[in-house]
Every structure is written in C-alpha cells, then in structure tokens.
Trainee: 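Questions regarding the structure given below will be posed in turn.
Computation of the quantities below employed the complete heavy-atom set of this structure, encompassing side-chain atoms and omitting hydrogens, waters and symmetry-equivalent molecules.
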Amino acid sequence: MNAPFTLRPYQQEAVDATLKHFRKSDQSAVIVLPTGAGKSLVIAELARLARRKILVLTHVKELVEQNHAKYESYGVVGGIFSAGLSRKENRHQVTFASVQSAAANLQQFKDEYSLIIIDECHRVSGEEDSQYQRIIEQLRQQNKGLKVLGLTATPYRLGMGWIYRYHYRGFVRSEEDKPFVHCIYELPLIYMISRGYLTKPELVDAAVAQYDFSALAQNRFGEYAEKDVNELLGKHQRVTRAIIEQVMELALERTAVMIFAATVDHAKEITGYLPHEQTALITGATDQRERDELIQRFKQRQLKYLVNVSVLTTGFDAPHVDFIAILRPTQSVSLYQQIVGRGLRLDEGKKDCLVIDYTGNNVNLYHPEVGEKKPNSDSEPVQVLCPGCGFANIFWGKTDGEGQVTEHYGRRCHGLLESAEENETAAQYQRPEQCDYRFRFKECPHCGSENDIAARNCQHCKKAIIDPDDQLRDALKLKDAMVIRCAGITLNANDSNHASKLKVTYHAEDGEELSESFDFNKPAQRNVFNKLFGRRLANSQAPQEFSTLEEVVAVQSLLPAPDFVIARKHKHYWRVQERIFDYQGHYRKANDR
C-alpha cells in the first residue's frame with residue numbers, strides 16, 4: 001500500500017513521536033499542530049500503520065468526512081459512523097465516527113480496539129459522564145491497554161486550563177489531573193508561517209472606532225454575559241456601521257471575508273449592513289441543511305462575506321479566505337489563534353491574510369498561552385528562569401522600558417526534573433517529577449516547608465496551615481493589635497550606635513508605619529531576615545543568603561514588601577509579629593481598587 005502523500009517533515013516527526021510514546025506507555029497523549037498543519041494526514045498515516053482496530057473521533061461531520069477521505073486516499077477502506085452522514089459502519093479496521101453518534105450507540109462498540117484518536121481534542125472535558133469519556137471507558141472494558149491520542153491546535157480551555165499535564169520538552173502544565181497526561185509533540189504557529197506552510201497574516205490595527213468591553217464583568221472562563229454584550233453593543237450601533245463600512249472598503253481587494261461576531265443579535269446587525277446577495281449568516285441555531293448549503297456557496301465563491309457566532313472556529317476549511325474581521329471579545333490566545341487560523345491556509349494566488357481586531361483584545365498571535373487568567377490589562381507573558389533547576393518559565397508579568405522583568409505572577413516552577421533512564425516497558429514508565437521551587441509560597445509554621453499559597457495543609461507534615469484571612473480577622477478583633485496594608489518598605493543601616501542592625505520600616509498606604517530591626521551579628525535574626533526577604537529577592541528569581549548589611553543595601557530595590565504586617569502593642573511601642581507575603585484572600589491589598 002503506497003502512500004499518496006509525502007508527509008512534511010514535522011508530520012513525520014509527529015507520527016514517530018506517537019509510535020515511540022505508545023511503545024513504552026499506555027498513558028494518554030496529545031499532539032499539538034497549528035490550524036492548517038494537516039492533522040488529517042497525521043491521522044491517516046497512523047491509521048495506515050495500525051495493525052489492530054482503531055477508532056477516530058471528532059465532533060462535526062465535516063471532520064469525520066475529511067479524515068475518512070484522507071485515509072481512503074491510501075487505497076484502503078475505512079468505515080464511517082455518523083448519523084449526520086447517514087452511515088453507521090463499525091466492521092472495518094479503522095472507523096471514523098462522530099462522538100455524538102458513537103456515544104449514543106455504545107453497544108455497537110464492543111470489539112477490542114487498540115487506539116482511539118480524537119481530533120480537536122481540546123473539546124474533551126474531565127467529566128466522567130461526558131460523551132468522550134463514556135466512549136473511552138466502554139473501549140477500556142474490552143482492552144485495559146487502550147491507547148488514547150488527541151490532536152489539536154489549541155490545547156487550552158478557558159475555565160479548565162491545559163488539557164494535559166506534562167510536556168515532552170521538560171515542563172509541567174498542571175499539577176492536577178487532566179483529560180490527557182502527556183504532550184508528545186508540538187509545533188508553534190510561527191514555525192509554520194516562517195517556513196511557508198501557512199499564509200502570512202497581515203495584522204492591522206483598526207483605523208476606525210473600536211468597541212470597549214473593558215468595563216464588562218468576566219465569568220470564570222474569561223468571557224462576558226451575552227446580555228451585557230448586547231446592551232453595550234446596542235449603545236454603539238454607529239461604531240458597528242463604521243466598522244462594516246471599513247470592512248467592505250478593504251474587502252474590495254480581497255477574495256473572501258469571515259466576520260466573527262460577539263452575539264447573535266450583533267451578527268444580525270452586522271449582516272444588515274452587508275450586501276444581501278453576497279452575505280451568509282451562520283449561528284448555532286442555523287438549520288444543518290441550510291448551514292451546509294451556505295458553506296458550500298461560500299467555498300464555491302458565490303458568497304463573499306460569512307458572518308458567524310462561535311460556530312466556525314474549528315472544523316471549517318476554506319483556503320481562499322484572505323480577510324478575517326474580529327468583532328468579538330476574547331482573552332483566550334487559543335481561541336484567537338483558532339479564529340485567525342481560518343484565514344491562514346495556503347491557496348493559489350493568495351499572498352497574505354488581512355486580520356483586523358475591532359475589539360481591543362490585545363492578544364499577541366504568537367505569544368504562548370500562559371495558562372492562568374490575565375491578572376490585569378497591562379500584563380504580558382514574561383520569561384522567568386528558575387533558580388532551582390534553570391527552567392525558563394512563561395508567566396504573566398510586567399517589564400520595564402528595557403524589557404527586564406519587574407514583576408511576575410508565577411507560583412511554582414513548571415520544569416520537570418531529569419530522572420534516571422526509563423525502562424522501555426509501559427509498566428515501568430515512571431511519572432515525571434516536577435521541580436519543587438516556588439516563587440510564591442506559604443511557609444508551614446510546624447516544619448518550615450514551603451507550600452502553595454492556597455494550601456490548607458502542609459504537603460510534608462500534613463498539619464494545618466494557618467489561613468492568612470483567619471490571621472487578619474483575628475488580629476483586627478484585638479484592641480492591642482495593629483494591621484497595615486503595606487505599600488512598600490525602606491531600609492536604614494546607618495545607625496552608628498548599632499552598626500550591625502538593619503531597620504526595616506513598613507509603610508501603609510494611608511501613611512502609617514511599623515518597623516523592626518534585624519541584628520546581623522546574631523545568626524538567628526540574620527536567618528529570619530533571609531527567610532523573609534532573601535528567599536524572595538527579585539520576585540524569588542534571585543534568592544540570596546545575606547551575610548552583611550552591605551550586601552542587603554546593594555540590592556535593596558529588589559527586596560519584596562509584604563502585603564500585610566501585623567503588630568501587637570508592647571509597652572510603649574508596636575512589635576511586629578507577622579508579615580504576610582503572597583497574599584490571596586478576601587481582604588484588599590495596598591493600592592488595589
């Protein structure tokens with residue numbers, strides 16, 4: 001059986017990585033390839049190499065059909081199990097199925113399958129009763145060694161985070177269980193564009209008024225309530241009209257335009273400003289037959305404008321699209337890449353794809369997904385080296401005018417520690433060990449171990465750790481206690497009467513002050529200072545054991561300030577008792593509004 005396609009080098013690498021991984025492990029795996037990289041060819045090659053039954057799942061009939069066609073181009077026959085395609089075949093060695101149809105007919109999947117391949121696998125949730133998980137569990141009953149492979153361009157979901165735990169380049173995405181265990185191959189979008197595998201995006205700032213969604217509240221997925229969005233957009237109809245007028249003007253030199261709207265009402269308004277005979281509108285409520293017809297007319301270039309609401313970000317292939325207009329807000333790098341990816345496929349005569357964002361999303365197309373919600377609007381991805389293992393972490397943070405990291409919000413190093421050489425058998429394939437260096441931490445008062453700032457119990461001694469909210473609440477109830485929100489610190493090491501003492505003054509945002517001194521001639525006090533401040537020097541990027549006052553003064557601008565300081569009345573002065581760093585809780589911190 002001769003392959004009709006010559007795999008691109010990266011496609012062959014993805015296939016080889018899959019074979020290598022599953023020879024030594026039964027743990028689930030993910031391949032990450034950008035939109036337009038040819039995931040269907042990777043699937044077809046893996047299916048061609050298979051010697052036992054495999055099941056290929058995806059969520060839309062278009063992808064079922066596309067993956068099946070690529071496989072059969074090898075001159076072999078595969079089955080299709082999809083109600084949307086009016087076929088329910090499961091007797092072949094390779095079956096291409098829609099997840100909905102397979103989940104609704106589990107009794108027809110009682111054969112022993114060796115592998116499940118899930119296309120667009122970012123849709124797999126961690127819920128045990130989800131359609132994907134029920135299918136996997138059904139097949140595992142017939143084969144405990146079932147392999148599970150996912151392919152996606154965007155391995156991240158708002159609200160859930162990364163869909164896998166460990167990356168083959170040696171870092172951890174999550175400490176929690178995820179639908180997949182390992183990412184075994186990944187290719188960045190910039191690689192595909194720079195080597196000519198994808199069309200270059202021409203990213204242009206909107207030259208007309210933009211929408212401002214910054215005042216709207218986001219849910220835990222980083223998205224906005226439809227009612228709030230409609231209310232805001234209803235007040236800015238002139239903005240929408242001006243945007244569409246510009247889109248039509250720019251589209252004169254373009255072949256096909258995809259417009260991504262924020263809501264159904266918004267999409268209908270947009271459609272009303274476009275030429276009726278050249279425009280199609282597709283929403284989640286569009287009848288399937290009508291949707292198929294409109295997409296076909298668009299692909300055949302009978303229509304120029306395709307307006308949609310959250311339904312054509314995946315599983316849609318129209319290479320002639322050369323203009324993407326984004327009129328919907330999102331904080332997800334993954335979703336942004338999916339949207340732009342609709343216009344990056346190669347096509348004859350196509351030189352680039354114009355991309356205009358009219359929402360001020362401030363998403364960098366080439367930035368990696370950080371994996372945490374953006375803490376504030378001026379945060380950006382920054383690289384932070386781990387002092388423990390040297391791994392280059394990517395966290396949200398801030399930089400100065402020279403690009404130096406001035407602040408970051410990372411908690412724990414994502415690096416994986418090198419382990420002894422692994423045995424090639426699946427049974428002895430060990431779970432990787434994550435570097436335990438913490439940039440933000442809560443110290444256990446019982447054993448001194450460093451724990452995550454949200455930990456309730458120490459990971460080492462298992463004893464309860466005092467909750468900082470409880471500390472603050474209890475202190476605020478006491479008449480002889482003083483609590484300040486610390487906005488900064490100053491040092492004084494020039495007291496001639498105490499040449500070895502360092503005075504630290506904590507400044508509250510409203511002008512109050514608390515202070516304490518550390519005698520560097522006394523090892524115990526010097527150790528306390530080092531545990532509080534030296535360990536956290538430069539956002540914990542450069543921990544230092546100070547021996548002299550001169551060493552401290554030389555780097556005093558890099559010393560951290562605690563978020564809260566608690567003091568108790570002692571005779572005629574306040575004695576500092578607690579300094580709370582890396583606080584996360586219900587109380588407002590200094591300068592937060």
Trainee: For a quick check under 3.5 Å, do D292 and Q288 share a side-chain donor-acceptor pair by atom type?
Mentor: yes
Trainee: Taking H68 for its side chain and G78 for its backbone only, find out whether a donor-acceptor pair lies under 3.5 Å.
Mentor: yes
Trainee: Quick one: side chains of residues 186-195, donor-acceptor pairs under 3.5 Å with protein atoms, not counting sequence neighbours, listed by atom name and distance.
Mentor:
residue : atom : partner : partner atom : Å
E186    : OE1  : H167    : NE2          : 2.7
S194    : OG   : I190    : O            : 2.9
S194    : OG   : Y191    : O            : 3.2

Trainee: For residues D357 and T359, is any side-chain donor paired with an opposing acceptor at under 3.5 Å?
Mentor: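 Distance-only check passes for D357 and T359.
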Trainee: Aromatic contact between F298 and H320, with the criterion being ring centroids under 6.0 Å apart: yes or no?
Mentor: yes
Trainee: Is it true that F109 and F81 have ring centroids separated by less than 6.0 Å?
Mentor: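 Yes, the ring of F109 comes within the 6.0 Å limit of the ring of F81, centre to centre.
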Trainee: Look at atom CD of E175 and say whether more than 12 heavy atoms of other residues, nucleotides or ligands are closer to it than 6.0 Å.
Mentor: yes
Trainee: Counting only N and O atoms by type, is there a donor-acceptor contact under 3.5 Å from the side chain of S40 to the main-chain atoms of K70?
Mentor: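 Here the side-chain-to-backbone pair does not exist.
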Trainee: Which pairs of donor and acceptor atoms, one on a side chain in residues 275-285, lie under 3.5 Å apart (sequence neighbours left out)?
Mentor:
residue : atom : partner : partner atom : Å
T279    : OG1  : P275    : O            : 2.7
T283    : OG1  : A285    : N            : 3.1

Trainee: Tell me if a side-chain donor or acceptor on Q133 pairs with a main-chain N or O of S125 at a distance below 3.5 Å.
Mentor: yes
Trainee: For L149 versus F180, what's the shortest heavy-atom pair and its separation?
Mentor: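 That would be C-CE2, 4.3 Å.
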Trainee: Using a 3.5 Å distance criterion without hydrogens, assess whether the side chain of E65 forms a donor-acceptor pair with backbone atoms of E62.
Mentor: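 Not confirmed, E65 side chain does not pair with E62 backbone.
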Trainee: With sequence neighbours excluded, what pairs up with E176 under the side-chain contact (heavy atoms from CB on, under 4.5 Å) test?
Mentor: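 If we apply the side-chain contact (heavy atoms from CB on, under 4.5 Å) test to E176, skipping adjacent residues, the hits are S174, K178.
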Trainee: Heavy-atom count check: over 12 atoms from other residues, nucleotides or ligands less than 6.0 Å from R289 CZ?
Mentor: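 12 or below, so no.
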Trainee: Indicate, with yes or no, if the rings of F171 and Y166 have centres closer together than 6.0 Å.
Mentor: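 For F171 and Y166, the ring centres are not under 6.0 Å apart.
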